[in-house]
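Input: a single structure, listed below in C-alpha coordinates.
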Amino acid sequence: MERPSRLNCKVMPFPELGARIADVRSRIQLAVTRGGYGQTVMIVAVTKTHGPEAVMAAWEAGLADVGENRVQEAIAKMPQVTVPVRWHLIGHLQRNKVKSLGRFAMFHALDSARLADAVNSFGLDAEPVDVLVQVNAARETTKGGFSIEELPGESARLATMKGMKVHGVMTMARLDADERELRETFSAARGARDGLLSAGHPATELSMGMSGDYEIAVEEGATIVRLGTVLFGARE
Ligand SMILES: *Cc1c(COP(=O)(O)O)cnc(C)c1O
(Lines give C-alpha, C1' and ligand atoms only; values in the text may rest on other atoms or scores of the structure.)
Protein backbone atom coordinates (compact mmCIF):
# COMPACT_ATOMS: atom_id res chain seq x y z
CA MET A 1 0.00 0.00 0.00
CA GLU A 2 1.77 3.12 -1.20
CA ARG A 3 0.19 6.09 0.47
CA PRO A 4 1.81 9.44 1.02
CA SER A 5 3.16 9.24 4.53
CA ARG A 6 1.81 11.82 6.91
CA LEU A 7 4.98 11.52 8.92
CA ASN A 8 6.98 12.82 5.99
CA CYS A 9 5.19 16.10 6.02
CA LYS A 10 4.60 16.45 9.69
CA VAL A 11 7.15 18.99 10.76
CA MET A 12 9.80 18.96 8.06
CA PRO A 13 8.75 21.64 5.57
CA PHE A 14 7.30 24.22 8.00
CA PRO A 15 9.04 23.68 11.33
CA GLU A 16 7.86 26.96 12.84
CA LEU A 17 4.23 26.68 11.83
CA GLY A 18 2.89 25.75 15.28
CA ALA A 19 4.64 28.67 16.96
CA ARG A 20 3.59 31.06 14.20
CA ILE A 21 -0.04 30.04 14.54
CA ALA A 22 0.11 30.49 18.30
CA ASP A 23 1.55 34.00 17.81
CA VAL A 24 -1.07 34.90 15.20
CA ARG A 25 -3.88 33.63 17.41
CA SER A 26 -2.76 35.72 20.36
CA ARG A 27 -2.39 38.82 18.16
CA ILE A 28 -5.89 38.20 16.84
CA GLN A 29 -7.26 37.92 20.37
CA LEU A 30 -5.64 41.20 21.37
CA ALA A 31 -6.97 42.89 18.22
CA VAL A 32 -10.50 41.62 18.93
CA THR A 33 -10.26 43.16 22.39
CA ARG A 34 -8.97 46.49 21.04
CA GLY A 35 -11.58 46.60 18.28
CA GLY A 36 -14.53 45.88 20.50
CA TYR A 37 -16.61 43.82 18.05
CA GLY A 38 -16.25 40.65 20.15
CA GLN A 39 -16.24 38.49 17.04
CA THR A 40 -14.84 35.00 16.54
CA VAL A 41 -12.09 34.99 13.91
CA MET A 42 -11.34 32.10 11.59
CA ILE A 43 -7.90 31.71 10.05
CA VAL A 44 -7.81 30.58 6.43
CA ALA A 45 -4.28 29.29 5.73
CA VAL A 46 -3.39 30.48 2.24
CA THR A 47 -1.42 27.64 0.66
CA LYS A 48 -1.13 29.00 -2.91
CA THR A 49 2.22 28.28 -4.60
CA HIS A 50 3.03 25.73 -1.87
CA GLY A 51 2.67 22.01 -2.35
CA PRO A 52 0.15 19.72 -0.66
CA GLU A 53 2.53 19.41 2.30
CA ALA A 54 1.62 22.95 3.33
CA VAL A 55 -2.02 21.92 3.52
CA MET A 56 -1.13 18.82 5.53
CA ALA A 57 1.08 20.89 7.84
CA ALA A 58 -1.74 23.40 8.41
CA TRP A 59 -4.11 20.58 9.34
CA GLU A 60 -1.57 18.96 11.66
CA ALA A 61 -1.08 22.31 13.36
CA GLY A 62 -4.80 22.70 13.97
CA LEU A 63 -6.03 24.78 11.01
CA ALA A 64 -8.97 23.20 9.19
CA ASP A 65 -9.46 25.88 6.51
CA VAL A 66 -7.13 26.49 3.58
CA GLY A 67 -7.34 29.06 0.81
CA GLU A 68 -6.23 28.97 -2.80
CA ASN A 69 -6.56 31.82 -5.30
CA ARG A 70 -6.40 29.76 -8.50
CA VAL A 71 -8.93 27.06 -9.13
CA GLN A 72 -6.67 24.87 -11.30
CA GLU A 73 -3.91 24.89 -8.71
CA ALA A 74 -6.36 24.00 -5.93
CA ILE A 75 -7.95 21.14 -7.85
CA ALA A 76 -4.54 19.72 -8.75
CA LYS A 77 -3.59 19.74 -5.07
CA MET A 78 -6.79 18.24 -3.67
CA PRO A 79 -6.16 14.58 -4.59
CA GLN A 80 -2.75 14.74 -2.94
CA VAL A 81 -4.19 15.92 0.35
CA THR A 82 -5.32 13.13 2.65
CA VAL A 83 -6.71 15.28 5.46
CA PRO A 84 -10.27 16.65 5.50
CA VAL A 85 -9.58 20.38 5.30
CA ARG A 86 -12.19 22.82 4.01
CA TRP A 87 -11.04 24.47 0.79
CA HIS A 88 -11.76 28.15 0.22
CA LEU A 89 -11.48 29.71 -3.22
CA ILE A 90 -10.25 33.23 -2.52
CA GLY A 91 -9.42 34.40 -6.07
CA HIS A 92 -11.27 35.28 -9.26
CA LEU A 93 -13.20 32.54 -11.02
CA GLN A 94 -13.98 32.43 -14.74
CA ARG A 95 -17.62 31.87 -15.51
CA ASN A 96 -16.91 28.67 -17.45
CA LYS A 97 -15.40 27.14 -14.29
CA VAL A 98 -18.34 27.56 -11.91
CA LYS A 99 -18.81 23.78 -11.71
CA SER A 100 -15.58 23.55 -9.74
CA LEU A 101 -17.29 25.42 -6.89
CA GLY A 102 -18.73 22.07 -5.85
CA ARG A 103 -15.26 21.28 -4.49
CA PHE A 104 -15.04 24.31 -2.19
CA ALA A 105 -16.57 25.11 1.18
CA MET A 106 -16.70 28.83 0.43
CA PHE A 107 -16.13 31.09 -2.58
CA HIS A 108 -14.76 34.47 -1.44
CA ALA A 109 -14.59 36.30 -4.77
CA LEU A 110 -18.06 36.78 -6.22
CA ASP A 111 -16.96 39.88 -8.13
CA SER A 112 -19.48 40.58 -10.91
CA ALA A 113 -23.17 40.34 -11.76
CA ARG A 114 -22.46 38.01 -14.68
CA LEU A 115 -20.48 35.66 -12.46
CA ALA A 116 -23.34 35.75 -9.94
CA ASP A 117 -25.74 34.60 -12.66
CA ALA A 118 -23.44 31.71 -13.58
CA VAL A 119 -22.88 30.68 -9.95
CA ASN A 120 -26.62 30.84 -9.34
CA SER A 121 -27.47 28.55 -12.25
CA PHE A 122 -24.82 26.07 -11.14
CA GLY A 123 -26.14 26.21 -7.58
CA LEU A 124 -29.72 25.65 -8.73
CA ASP A 125 -28.61 22.45 -10.53
CA ALA A 126 -26.38 21.27 -7.67
CA GLU A 127 -26.45 22.66 -4.13
CA PRO A 128 -26.67 26.33 -3.15
CA VAL A 129 -23.13 27.73 -3.24
CA ASP A 130 -21.75 29.47 -0.14
CA VAL A 131 -20.31 32.78 -1.28
CA LEU A 132 -18.87 36.06 -0.13
CA VAL A 133 -19.34 39.15 -2.27
CA GLN A 134 -16.05 40.79 -3.16
CA VAL A 135 -16.18 44.51 -2.56
CA ASN A 136 -13.67 46.92 -4.02
CA ALA A 137 -13.65 49.01 -0.88
CA ALA A 138 -10.18 50.37 -1.67
CA ARG A 139 -11.47 51.76 -5.00
CA GLU A 140 -8.56 50.30 -6.94
CA THR A 141 -9.11 50.32 -10.69
CA THR A 142 -6.98 47.18 -11.01
CA LYS A 143 -9.06 45.18 -8.53
CA GLY A 144 -12.26 43.33 -9.19
CA GLY A 145 -15.37 43.43 -7.09
CA PHE A 146 -18.46 45.53 -6.63
CA SER A 147 -18.15 49.15 -5.68
CA ILE A 148 -19.73 50.19 -2.40
CA GLU A 149 -22.26 52.23 -4.41
CA GLU A 150 -23.47 49.40 -6.64
CA LEU A 151 -23.74 46.84 -3.84
CA PRO A 152 -27.27 47.70 -2.58
CA GLY A 153 -28.74 47.17 -6.06
CA GLU A 154 -26.83 43.94 -6.59
CA SER A 155 -27.75 42.81 -3.08
CA ALA A 156 -31.46 42.99 -3.92
CA ARG A 157 -30.85 40.97 -7.10
CA LEU A 158 -28.75 38.37 -5.24
CA ALA A 159 -31.56 37.98 -2.71
CA THR A 160 -33.74 36.53 -5.47
CA MET A 161 -31.13 33.86 -6.35
CA LYS A 162 -31.79 30.49 -4.74
CA GLY A 163 -28.60 28.94 -6.11
CA MET A 164 -26.33 30.70 -3.63
CA LYS A 165 -26.14 31.84 -0.04
CA VAL A 166 -24.46 35.18 0.55
CA HIS A 167 -22.55 34.83 3.83
CA GLY A 168 -20.88 38.22 3.76
CA VAL A 169 -18.17 40.31 2.16
CA MET A 170 -14.55 39.85 1.16
CA THR A 171 -12.19 42.72 0.50
CA MET A 172 -8.51 43.44 -0.05
CA ALA A 173 -6.79 46.63 1.03
CA ARG A 174 -4.14 48.33 -1.09
CA LEU A 175 -0.77 46.76 -0.43
CA ASP A 176 0.97 49.99 0.53
CA ALA A 177 -1.95 51.60 2.34
CA ASP A 178 -1.13 53.38 5.59
CA GLU A 179 -3.10 52.67 8.75
CA ARG A 180 -5.68 55.38 8.15
CA GLU A 181 -6.43 54.11 4.65
CA LEU A 182 -6.57 50.50 5.89
CA ARG A 183 -9.19 51.48 8.43
CA GLU A 184 -11.20 53.36 5.79
CA THR A 185 -11.13 50.35 3.47
CA PHE A 186 -11.98 47.83 6.17
CA SER A 187 -14.75 49.88 7.73
CA ALA A 188 -16.30 50.46 4.29
CA ALA A 189 -16.31 46.68 3.81
CA ARG A 190 -17.90 46.24 7.23
CA GLY A 191 -20.61 48.71 6.24
CA ALA A 192 -21.19 46.75 3.03
CA ARG A 193 -21.51 43.53 5.03
CA ASP A 194 -23.99 45.18 7.40
CA GLY A 195 -25.97 46.34 4.38
CA LEU A 196 -26.25 42.76 3.08
CA LEU A 197 -27.35 41.64 6.52
CA SER A 198 -30.08 44.31 6.65
CA ALA A 199 -31.20 43.23 3.18
CA GLY A 200 -31.92 39.77 4.59
CA HIS A 201 -28.82 37.84 3.54
CA PRO A 202 -27.22 35.51 6.13
CA ALA A 203 -24.22 37.82 5.85
CA THR A 204 -22.35 37.42 9.12
CA GLU A 205 -18.85 37.04 7.66
CA LEU A 206 -16.23 39.65 6.87
CA SER A 207 -13.21 38.16 5.09
CA MET A 208 -10.43 40.72 5.25
CA GLY A 209 -6.86 40.95 6.47
CA MET A 210 -3.74 39.35 5.03
CA SER A 211 -0.28 38.92 6.55
CA GLY A 212 0.55 42.63 6.48
CA ASP A 213 -2.72 44.05 7.75
CA TYR A 214 -4.70 41.38 9.60
CA GLU A 215 -4.48 42.96 13.06
CA ILE A 216 -6.10 46.17 11.83
CA ALA A 217 -8.65 44.15 9.86
CA VAL A 218 -9.61 42.28 13.04
CA GLU A 219 -9.87 45.55 14.96
CA GLU A 220 -12.29 46.66 12.23
CA GLY A 221 -14.41 43.53 12.61
CA ALA A 222 -12.92 40.82 10.36
CA THR A 223 -14.35 37.37 11.05
CA ILE A 224 -12.07 35.59 8.55
CA VAL A 225 -8.41 36.42 7.94
CA ARG A 226 -6.56 34.94 4.95
CA LEU A 227 -2.94 34.37 5.90
CA GLY A 228 -0.10 33.01 3.77
CA THR A 229 3.29 34.62 4.33
CA VAL A 230 3.02 35.03 8.09
CA LEU A 231 2.38 31.26 8.40
CA PHE A 232 4.45 29.66 5.65
CA GLY A 233 7.11 32.30 4.93
CA ALA A 234 7.65 34.32 1.74
CA ARG A 235 6.45 32.78 -1.52
CA GLU A 236 8.91 32.23 -4.39
C1 LIG B 1 -2.25 35.47 -1.45
C2 LIG B 1 -3.52 35.94 -0.88
C3 LIG B 1 -3.66 36.14 0.51
C4 LIG B 1 -2.54 35.90 1.52
O5 LIG B 1 -1.53 36.85 1.37
P6 LIG B 1 -0.34 36.96 2.45
O7 LIG B 1 0.07 38.39 2.36
O8 LIG B 1 0.72 36.01 2.00
O9 LIG B 1 -0.88 36.61 3.78
C10 LIG B 1 -4.89 36.56 0.99
N11 LIG B 1 -5.93 36.77 0.16
C12 LIG B 1 -5.84 36.61 -1.17
C13 LIG B 1 -7.03 36.87 -2.02
C14 LIG B 1 -4.63 36.18 -1.74
O15 LIG B 1 -4.56 36.02 -3.06
Side-chain angles (χ1 to χ4, degrees), residues 13-14 16-17 19-25 27-28 31 41-55 57-58 61 63-77 85-94 97 100-101 104-112 115 130-140 142-146 167-179 181-182 185-186 188-190 192-193 205-236:
F14 304 102
E16 295 163 25
L17 185 57
R20 288 178 175 191
I21 293 171
D23 179 58
V24 164
R25 283 198 201 283
R27 287 171 183 274
I28 287 174
V41 181
M42 172 202 278
I43 298 171
V44 171
V46 177
T47 47
K48 67 184 183 195
T49 78
H50 296 291
E53 64 280 359
V55 180
L63 298 180
D65 293 87
V66 297
E68 292 278 336
N69 68 333
R70 295 178 56 224
V71 70
Q72 296 94 330
E73 182 183 340
I75 285 178
K77 230 171 263 183
V85 289
R86 288 183 291 263
W87 295 85
H88 294 245
L89 186 61
I90 62 177
H92 177 71
L93 181 68
Q94 290 177 312
K97 303 240 166 61
S100 59
L101 289 177
F104 293 89
M106 179 83 82
F107 175 45
H108 292 227
L110 189 80
D111 59 5
S112 76
L115 179 60
D130 293 314
V131 305
L132 301 176
V133 176
Q134 185 174 345
V135 171
N136 189 356
R139 301 178 184 281
E140 280 186 284
T142 53
K143 283 249 170 65
F146 294 94
H167 290 277
V169 158
M170 184 275 255
T171 205
M172 274 181 277
R174 276 196 328 118
L175 277 181
D176 57 356
D178 61 17
E179 182 178 334
E181 185 186 339
L182 288 173
T185 298
F186 292 146
R190 188 182 63 239
R193 190 274 316 268
E205 305 296 337
L206 194 44
S207 170
M208 59 189 194
M210 307 178 15
S211 292
D213 56 22
Y214 73 94
E215 290 166 272
I216 291 174
V218 170
E219 288 181 23
E220 295 296 335
T223 64
I224 302 176
V225 292
R226 308 176 309 267
L227 304 177
T229 309
V230 78
L231 299 179
F232 301 111
R235 287 179 293 273
E236 304 271 285

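Just follow the structure's listing: the first ligand is 1, and inside any ligand the first atom is 1. Along the sequence shown, the residues carry numbers beginning at 1.
K77 places no side-chain N or O within 3.5 Å of a backbone atom of E68 that could act as its donor or acceptor partner. S211 contributes no side-chain N or O that, together with a main-chain N or O of L227, makes up a donor-acceptor pair within less than 3.5 Å.
Counting heavy atoms of neighbouring residues, nucleotides and ligands inside a 6.0 Å radius, atom CZ of R70 does not exceed 12 of them.
Residues satisfying the side-chain hydrogen bond (donor to acceptor under 3.5 Å, both in side chains) test with D130, not counting sequence neighbours, are H167.
A tilted orientation is assigned to the rings of F232 and H50, their planes being inclined by 30° to 60°.
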Short N or O contacts of ligand 1 with protein, under 3.5 Å, listed by atom name?
{"unit_1": "ligand 1", "atom_1": "8 (O)", "unit_2": "T229", "atom_2": "N", "d": "2.8"}
{"unit_1": "ligand 1", "atom_1": "8 (O)", "unit_2": "T229", "atom_2": "OG1", "d": "2.6"}
{"unit_1": "ligand 1", "atom_1": "8 (O)", "unit_2": "R235", "atom_2": "NH1", "d": "2.7"}
{"unit_1": "ligand 1", "atom_1": "8 (O)", "unit_2": "R235", "atom_2": "NH2", "d": "3.2"}
{"unit_1": "ligand 1", "atom_1": "9 (O)", "unit_2": "S211", "atom_2": "N", "d": "3.0"}
{"unit_1": "ligand 1", "atom_1": "9 (O)", "unit_2": "S211", "atom_2": "OG", "d": "2.5"}
{"unit_1": "ligand 1", "atom_1": "9 (O)", "unit_2": "G228", "atom_2": "N", "d": "2.8"}
{"unit_1": "ligand 1", "atom_1": "11 (N)", "unit_2": "R226", "atom_2": "NE", "d": "2.9"}
{"unit_1": "ligand 1", "atom_1": "15 (O)", "unit_2": "K48", "atom_2": "NZ", "d": "2.7"}

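Donor-acceptor pairing under 3.5 Å is recorded for the side chains of S207 and R226.
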